[in-house]
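Below is one structure, written out as structure tokens, with a few remarks after it.
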Protein chains: 2
Amino acid sequence: MDQIDLKILDFLQQNARISFSELGRAINMTQPAVSERVRKLEEKGIIDSYRTIVSPEKLGKTVTAFILVQTNDCGKLTAFGSQSQDVVEMHQLSGQFNFMLKVQTHSMQSLNTFLSLCSQYGFTSTMTVLSSPLAFKGITSELD
Amino acid sequence: MDQIDLKILDFLQQNARISFSELGRAINMTQPAVSERVRKLEEKGIIDSYRTIVSPEKLGKTVTAFILVQTNDCGKLTAFGSQSQDVVEMHQLSGQFNFMLKVQTHSMQSLNTFLSLCSQYGFTSTMTVLSSPLAFKGITSELD
DNA sequence: CCTGAAAATAGAACCGC
DNA sequence: GCGGTTCTATTTTCAGG
């Protein structure tokens, strides 16, 4: 991991489909050199995956919420969340609420329906998202 | 948006760097046809972006936490979060806590330091992440 | 890490449905 | 409108240095 790798990660985080040729031109390096560095970053697991971000709103999923749950069976809740079309993230937490789900539904009514199902696993506390000033920021290691 | 577009989105969400040729072979369609459909999905904004996911752990960021904040100046908090290397997400919420930050730091000590800075914007409540059974699930529209 | 040739891929123009 | 075919340019891969 050096400054060049960090530059490569910066570009790839902004646009995962950039060609290695173009990336090479941007950082003054030949395409095979970039290609080899990326291969090693993948091999080391520093690059975890390449994902396409689909707009939830454009597919009718206009309601986003975080649901805190106080449950005594994380396993069942995980299974429930895995098969739900509305759940996009699940986290096991420390604290009074030991579980959090991020859900995206197409109406407040369907969120309500989801919460009814959820409540059978424990007490819940729901926070709906009004806006996301920062939906995702890539990692720019502290070396810069 | 039809079943073919959904299949394309499925593949692209799993691997944003798949070639259109390979994608075409997978769904029995020629490369130019796939290319054109993807172009339109981008144009419509259904495809928002292509991102490379970098493993925080592999870069030493081993501590992940969600910080709820009760603040009366979301603007200042947003500005603070934008310039912090540790903040990866920010959401404005409805409820008692009207703001949530997702942070990734390299130790509990640095999380503590971050919280001190954060507390000047309002009351905070921190939940550290023990595990993420589902870090991200792509959207598979309810048509399937 | 660079060069250079071969293979794979992407883009554009055109045709048929 | 939508997808297929063909051709050309670009990109990737792999050899060798």
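Side chains included, hydrogens not; waters and symmetry mates left out as well; all remaining heavy atoms used. The sequence lines fix the lettering, A, B, ..., with proteins before strands; numbering per chain opens at 1.
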Euclidean distance, atom CD of residue B:Gln31 to atom C1' of D:dG3 [Å, nearest integer]:
13 Å
Between A:Asp73 and A:Tyr121, is the side-chain contact (heavy atoms from CB on, under 4.5 Å) condition met? List the steps.
CA-CA 7 Å; A:Asp73 193 341; A:Tyr121 300 97; over 6 Å; no
With a 4.0 angstrom cut-off to heavy atoms of chain B, pull out the first and last contacting nucleotide of DNA chain C, in 5'-to-3' order.
C:dT9 to C:dA12
Quickly work out the A:Arg17 CZ to D:dT10 P distance and round it to whole Å.
18 Å
Between atom CZ in B:Phe20 and atom P in D:dT11, what is the gap in whole Å?
14 Å
Can you check the A:Arg39 CZ to D:dT12 P distance for me, whole Å?
16 Å
Taking for B:Glu22 and for A:Glu36 the nucleotide of DNA chain C with the nearest heavy atom, the one nearer the 5' end belongs to A:Glu36
So how far is it from B:Leu117 CG to B:Thr124 OG1, rounded to the nearest 0.5 Å?
11.5 Å
Using whole Å, what does the distance between atom P of nucleotide D:dG1 and atom NZ of B:Lys44 come to?
11 Å
Give me the atom names and distance for the closest heavy-atom approach of A:Leu12 to B:Thr52.
O-OG1, 2.8 Å
How about NZ on B:Lys137, more than 12 heavy atoms from neighbouring residues, nucleotides or ligands closer than 6.0 Å, or not?
yes
Separation of atom CG in B:Asn28 from atom P in D:dC2, rounded to whole Å
20 Å
Spacing of B:Arg37 atom CZ relative to D:dG1 atom C1', expressed in whole Å:
12 Å
Name the closest nucleotide to the A:Ser35 side chain, picking from D:dT5, D:dT13, D:dC2.
D:dT13
Any chance the rings of B:Phe11 and B:Phe20 have centres within less than 6.0 Å?
no
5' precedence on DNA chain C between A:Pro32 and B:Pro32 (nearest-nucleotide basis)
A:Pro32
Could you walk me through whether B:Glu89 and A:Ser132 pass the side-chain hydrogen bond (donor to acceptor under 3.5 Å, both in side chains) test, one step at a time?
CA-CA 8 Å; B:Glu89 285 180 35; A:Ser132 295; over 6 Å; no
When you measure from the side-chain N and O atoms of A:Arg25 to the phosphate of D:dT11, is any distance below 4.0 Å, counting only OP1 and OP2?
yes
Would you compute the distance between atom CE of A:Met127 and atom NE2 of B:His91 and round it to the nearest 0.5 angstrom?
10.0 Å
Between P of D:dT10 and CG of A:Leu23, the distance in whole Å:
18 Å
